[in-house]
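Residue numbers begin at 1 in each chain, while the letters A, B, ... track the order of the sequences.
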There are 2 protein chains.
Amino acid sequence: MPAGAFDELDAIAAITRRTGRPRAGEVWAGDDVAVLHSPAEQLLVTTDVMVETVHFTRAHSPLVAVGWKALVSNVSDIAAMGGTPFAAVVGVCGAARSDLVALYDGMLEAAQHYRCPIVGGDLTDAHELVISLTVLGRATDSAPVLRSGAQPGDHVFVTGPLGASAAGLRELRADPGASGANVDAHQRPLARVAEGRAAGAGGASAMIDVSDGLGLDLDRLATASGVGVRLGEVPVAAGATLEEALGGGEDYELVFSAPDWGEILGSFEDAGLGAPIRIGEIVEEPSLRSLAGQPLPPSGYRHRMDGSGV
Amino acid sequence: MPAGAFDELDAIAAITRRTGRPRAGEVWAGDDVAVLHSPAEQLLVTTDVMVETVHFTRAHSPLVAVGWKALVSNVSDIAAMGGTPFAAVVGVCGAARSDLVALYDGMLEAAQHYRCPIVGGDLTDAHELVISLTVLGRATDSAPVLRSGAQPGDHVFVTGPLGASAAGLRELRADPGASGANVDAHQRPLARVAEGRAAGAGGASAMIDVSDGLGLDLDRLATASGVGVRLGEVPVAAGATLEEALGGGEDYELVFSAPDWGEILGSFEDAGLGAPIRIGEIVEEPSLRSLAGQPLPPSGYRHRMDGSGV
């Protein structure tokens, strides 16, 4: 054990006691690997790494919120396929013991909320705090909804107003003690798992989560599909600017295309969800990205160097 | 994209071109998540994080070897369940572009060797180099072989001599230009996937890979099983010391218990593998750890703060 490491076994024992009991027939932490029931059909896998000062600062997010958001951002990638998460593994580097407890508080709270237990992990020393998460999911009510299936004539929907997270960050930068709905949206975002399933069940042709900004994420969807996008109006969260709604990211709303508006509305209603907001349409011209007749730049925060999120 | 990041899209495009084509019906990098065929029964998941200066130094391992070893050490955890790896996702933080290429060279070579393609990942800036890997596997010829199934009277086997990796590291510390079998064992270890499957098929009752040192890893197996271990003699790799064989780690040989010596030998022979070496037996007294009548300390390198490897 390198110098500076805290008592690993104590810390792990404290954490694993809190992850809950494995499901019947499963083995979680404590062996070489976790043993899980395999989903019946397709397996969804996503991984993300969050680095202090690159992806978050403690000044704007307490570590319990960082832990929550780390898990939620990965769950959101599963949601963006119309899938359901079922397990996570986590790697944490460079966390002092008290920091680790706070991080895990947040991750475990999100794990419980999304029924996505943390089934294993790895803790190591490092000079900076790095959180690595891999979330596994299953396809649920539909085949996985890729980014690449949008067709000219499809409607474009978003599951809610955008920009709240960026507005909350702006408020926190002005006043670290700020609170309210936008601060909550920044520190404790929600993944739209039920909405993603409803979109898939309603025939969504392509879907992505708004993690880096609508402009950038919608550009990725359109590029993958080889189509253009013409937007009318974008719903802006209360207290947010249009720029924050278009480029802020981390709202984790889902944006998707679908050929049949009525089928989408029916599917959301069947699921007991509010209707998604139609914001535009898919067009044939592959280079078109417009909002209210003006060019829509692929703005957003490219902190994920892969540009893919997988 | 934070200051200092290289051109992410270029780098990712170069890498994803090299991961090969997805299997039919699968989606790898480029969407929100990777979509994989689900294994028929049990799913095995393991994750590890490697941090520069904590787990490796470039002075003793070129980055291509670091990449190889990062993947192999996770594949080894799958092997220690008697499983077969089928996919990996990787997170890399803080790698300059040329470093990233070298790392991926090594990871992709290992991925090809073990038929464990890298199906997605995440790249970010950071101040130090961190590699996070999650490997997925399937149970193959047997139910997953846990650490906890050893029974008094079982034989204890190891799949090969130990200490070569530690000896290689010692040679490299004395002479960074050193070469030979032990240096290869340190820089380019092999995971014993075929051996793990043969052990499982031959009725192994408990198994673990020697990643942190025989003393420590065997102590974990015995503790999980609630049994003691009495060893006779341990095979020491040529050029290694007994201390290196017992405490060196990173050999990735498998150590396992099994009730029927003949069945194990037959299973290894059927698989075309050399016979594993019997090194002792499982005993009832749960606190016993002995080698040739002397106490066997749980020595080894506790760089994994979870003590589990999952």
So, for [X] and [Y], which heavy atoms are closest and what is the spacing to 0.1 Å?
X	Y	value
A:Pro39	B:Leu43	CD-CD2, 4.4 Å
A:Ile78	B:Val33	N-CG1, 3.8 Å
A:Val54	B:Asp125	CG2-O, 3.6 Å
A:Asp32	B:Met207	OD2-O, 3.3 Å

Side-chain donor/acceptor pairs under 3.5 Å, residues 129-137 of chain B, sequence neighbours excluded:
| residue | atom | partner | partner atom | Å |
| --- | --- | --- | --- | --- |
| B:Ser132 | OG | A:Ser132 | OG | 2.5 |
| B:Thr134 | OG1 | A:Thr134 | OG1 | 2.8 |
| B:Thr134 | OG1 | B:Thr47 | OG1 | 3.0 |

For [X], is it the side chain, the backbone, both or neither that has a heavy atom under 4.5 Å from a heavy atom of chain A?
X	value
B:Gln42	both
B:Ala224	neither
B:Pro144	side chain
B:Val35	both
B:His127	both

- Message: I'd like to know which of A:Gly91, A:Cys93, A:Ala126, A:Ala87 tops the heavy-atom pair count under 4.5 Å against chain B.
- Response: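 The option with the most such pairs is A:Ala126.
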- Under 4.5 Å from any heavy atom of chain B - which part of A:Val49: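 The answer is both parts of A:Val49.
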- Task: Give a yes or no on whether the backbone of A:Arg147 and the side-chain of B:Asp31 come within a donor-acceptor separation of less than 3.5 Å.
- Result: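 Yes; judged by distance alone, with no hydrogens or angles, the pair exists.
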- Could you tell me whether the side chain of A:Glu128 and the main chain of B:Glu128 form a donor-acceptor pair under 3.5 Å?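 Such a contact is found between A:Glu128 side chain and B:Glu128 backbone.
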- Rounded to the nearest 0.5 Å, what separation is found between the OG1 atom of B:Thr46 and the CG atom of A:Asp122?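 B:Thr46 atom OG1 to A:Asp122 atom CG measures 8.0 Å (nearest 0.5 Å).
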